[in-house]
Number of protein chains: 2
Amino acid sequence: MTEPVDPDAGTARLGSPAIDGQISYKLRLAQIVAYRAFEGVVTGFGAAPRYLGLLCLIRDNPGQAQSRLAEAVALQRSSLVTILDRLEADGLVERRAVSGDRRMKQVWLTPEGGRVVDLLLPQAEAHEAALTAGLSATDKALFLRALDQVVQNLS
Amino acid sequence: MTEPVDPDAGTARLGSPAIDGQISYKLRLAQIVAYRAFEGVVTGFGAAPRYLGLLCLIRDNPGQAQSRLAEAVALQRSSLVTILDRLEADGLVERRAVSGDRRMKQVWLTPEGGRVVDLLLPQAEAHEAALTAGLSATDKALFLRALDQVVQNLS
DNA sequence: CCCGTACTGTTCATGATCGAACAATACGGG
DNA sequence: CCCGTATTGTTCGATCATGAACAGTACGGG
């Protein structure tokens, strides 16, 4: 089974020496595959699975301004408007005016939103396990640390 | 009505215990940040930087069918059509008919495409270095191995 | 007190990708 | 030989995030 790479072989995945060692390339590849796999498994919750990270962020940081939330999930302020519009229409999220500053709106999770998060989180952890199959606990810890480092390097 | 729940001070990045330990979440975050950083730095090459990985793949696997290329970069066949249209219009790529099978078209890199790749690859490596700052050689090797494992797990 | 600056959320046009179609072609069992 | 099935590249409508605008609001120096 330790056969050298043969580009003419049947179902072998294509590679390139120039990019096979690049973390930035594999990062993109892994993210695309992971994202698709999660959305392919979890159905029947509307847009919630796609924005589960955001919902968790709102749950654990209640009453934050949209700008901070956008920065936290690495999205534009303008993108978050549409997303929150939909999550609010689905009754998962609530925008409240703050008395001190009439510009900002605080974002809160509704009880329904909390229930959806509680239902979705176990599925996310199952997906996480499928993702990281074959990796030891220390591998996963180093993996996570490396990802955090990348985010920190480019912020 | 709204209790100011903001114990954190100043410019601390928002977090959530539920997702801070999730590789799938951080994977997405890191990829978004990395992608933006690369495109923000490299300018003046049209659409080539965005599809540098694809171009390298074509260069090192000349004459592959579009389907094969699409699978390799984790994109849909239909998405690759538009991409190759543009790269071909820019003179970087060439589609050739194959005599054996009139359905498929082999994709080749033009000499101009080769030159562009040669110009872009050093910048990609500089970006790679910025990405992985603070990571040791073994850290980077394990990082890469973990990313490959993720891709393999979900394929 | 003003006025410029900075920040809020928002709108709109643009580009990228997807998923479901489609015609053309290859191939193999009956 | 024929007909069903699979595969090729392609088109088209829908969805999503972006970046540049915008009006409204806060705030501090002159």
Side-chain angles (χ1 to χ4, degrees), chain A residues 10-11 28-29 31-40 43 46-54 58 63-90 93-108, chain B residues 2 6 10-11 28-29 31-40 43 46-54 58 63-90 93-108:
Chain A
T11 56
R28 174 164 169 79
L29 224 60
Q31 191 272 332
I32 293 178
V33 175
Y35 206 65
R36 263 212 279 274
F38 184 59
E39 292 207 331
T43 57
R50 159 166 275 159
Y51 305 112
L52 177 58
L54 174 63
I58 295 172
Q64 285 291 336
Q66 298 184 196
S67 291
R68 287 229 179 93
L69 292 174
E71 182 201 4
V73 295
L75 288 182
Q76 301 299 119
R77 295 197 315 266
S78 57
S79 305
L80 209 62
V81 172
T82 316
I83 296 170
L84 289 179
D85 282 347
R86 175 153 187 195
L87 294 177
E88 197 171 24
D90 290 355
V93 146
E94 187 182 357
R95 282 189 253 220
R96 298 186 194 168
V98 46
S99 54
D101 192 331
R102 281 196 290 179
R103 292 172 301 179
M104 68 172 64
K105 301 179 181 175
Q106 294 181 330
V107 183
W108 298 73
Chain B
T2 56
D6 200 1
T11 57
R28 175 165 169 78
L29 224 60
Q31 191 272 333
I32 293 178
V33 174
Y35 205 65
R36 262 213 279 273
F38 184 59
E39 290 207 332
T43 57
R50 158 166 277 157
Y51 304 113
L52 176 59
L54 175 62
I58 295 173
Q64 286 290 337
Q66 298 183 195
S67 291
R68 220 66 176 279
L69 293 174
E71 182 202 1
V73 296
L75 288 183
Q76 300 299 118
R77 295 196 316 267
S78 57
S79 305
L80 209 63
V81 172
T82 315
I83 295 170
L84 289 179
D85 281 347
R86 173 151 188 198
L87 294 178
E88 198 172 23
D90 290 355
V93 148
E94 188 183 356
R95 281 189 255 221
R96 299 185 193 167
V98 46
S99 55
D101 191 331
R102 280 196 290 178
R103 293 173 300 178
M104 68 171 66
K105 300 177 181 175
Q106 294 181 332
V107 182
W108 298 73

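Worth saying up front: this structure is predicted, and the values here are computed from it rather than measured. In what follows, chains are A, B, ... by sequence order, proteins preceding strands, each numbered from 1.
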> Rounded to the nearest Å, what distance is computed from the CG atom of residue A/Leu75 to the C1' atom of nucleotide D/dC16?
Replying inline: 10 Å
> In whole angstroms, how far is the P atom of C/dT8 from the CD atom of A/Glu71?
Replying inline: 10 Å
>> Of the options D/dG9, D/dT18, C/dG9, whose atoms approach the side-chain atoms of B/Arg36 most closely?
In response: D/dT18
Could you pull out every donor-acceptor pair under 3.5 Å between side chains of residues 73-89 of chain A and any protein atom, sequence neighbours left out?
unit_1	atom_1	unit_2	atom_2	d
A/Asp85	OD1	A/Arg95	NH2	2.2
A/Glu88	OE1	A/Arg95	NE	3.1
A/Glu88	OE2	A/Arg95	N	3.1

> Given C/dT10, D/dC16, C/dT17, which nucleotide is nearest the side-chain atoms of B/Tyr51?
Replying inline: C/dT17
> In Å and rounded to the nearest 0.5 Å, what is the CZ to CE distance from A/Arg68 to A/Met104?
Replying inline: 7.0 Å
> Between A/Arg96 and C/dG9, does any side-chain N or O lie under 4.0 Å from OP1 or OP2?
Replying inline: no
Find every protein N or O atom lying less than 3.5 Å from an N or O atom of nucleotides 20-29 of chain D, and list the pairs.
unit_1	atom_1	unit_2	atom_2	d
D/dA26	OP1	A/Arg102	N	2.9

>> Please pick, from C/dG9, D/dA17, D/dT8, the nucleotide with the shortest atom-to-atom distance to any side-chain atom of A/Ser79.
In response: D/dA17
> What is the distance from atom CD of B/Gln106 to atom CD1 of B/Ile58, rounded to the nearest 0.5 Å?
Replying inline: 12.5 Å
>> Rounded to whole Å, how long is the line connecting atom OH of B/Tyr35 with atom P of D/dG19?
In response: 12 Å
>> Checking contacts here: which listed nucleotide (D/dG9, C/dG9, C/dT17) is nearest the side-chain heavy atoms of A/Gln66?
In response: C/dG9
> Looking at CD of B/Gln31 and OH of A/Tyr35, how far apart are the two atoms once the value is rounded to the nearest 0.5 Å?
Replying inline: 11.0 Å
> Over how many whole Å does the gap from A/Glu88 atom CD to C/dG9 atom P extend?
Replying inline: 13 Å
>> How many whole angstroms separate atom CZ of A/Arg68 from atom C1' of C/dC7?
In response: 11 Å
> 5'-most contact on DNA chain C: A/Thr82 or B/Arg86, nearest heavy atom basis?
Replying inline: A/Thr82
> Roughly, in whole Å, what's the span from CD in A/Gln76 to C1' in C/dC12?
Replying inline: 15 Å
>> Expressed as a whole number of angstroms, how long is the span from A/Leu80:CG to D/dG19:P?
In response: 15 Å
> With respect to the phosphate group of D/dG9, does any side-chain polar atom (N or O) of B/Ser67 fall under 4.0 Å of OP1 or OP2?
Replying inline: yes
> Tell me: CD1 of B/Ile32 to P of C/dA16, nearest whole Å?
Replying inline: 17 Å
> When all nucleic acid strands are considered with a 4.0 Å heavy-atom cut-off, which category describes B/Ile83: base, sugar-phosphate, or nothing?
Replying inline: sugar-phosphate
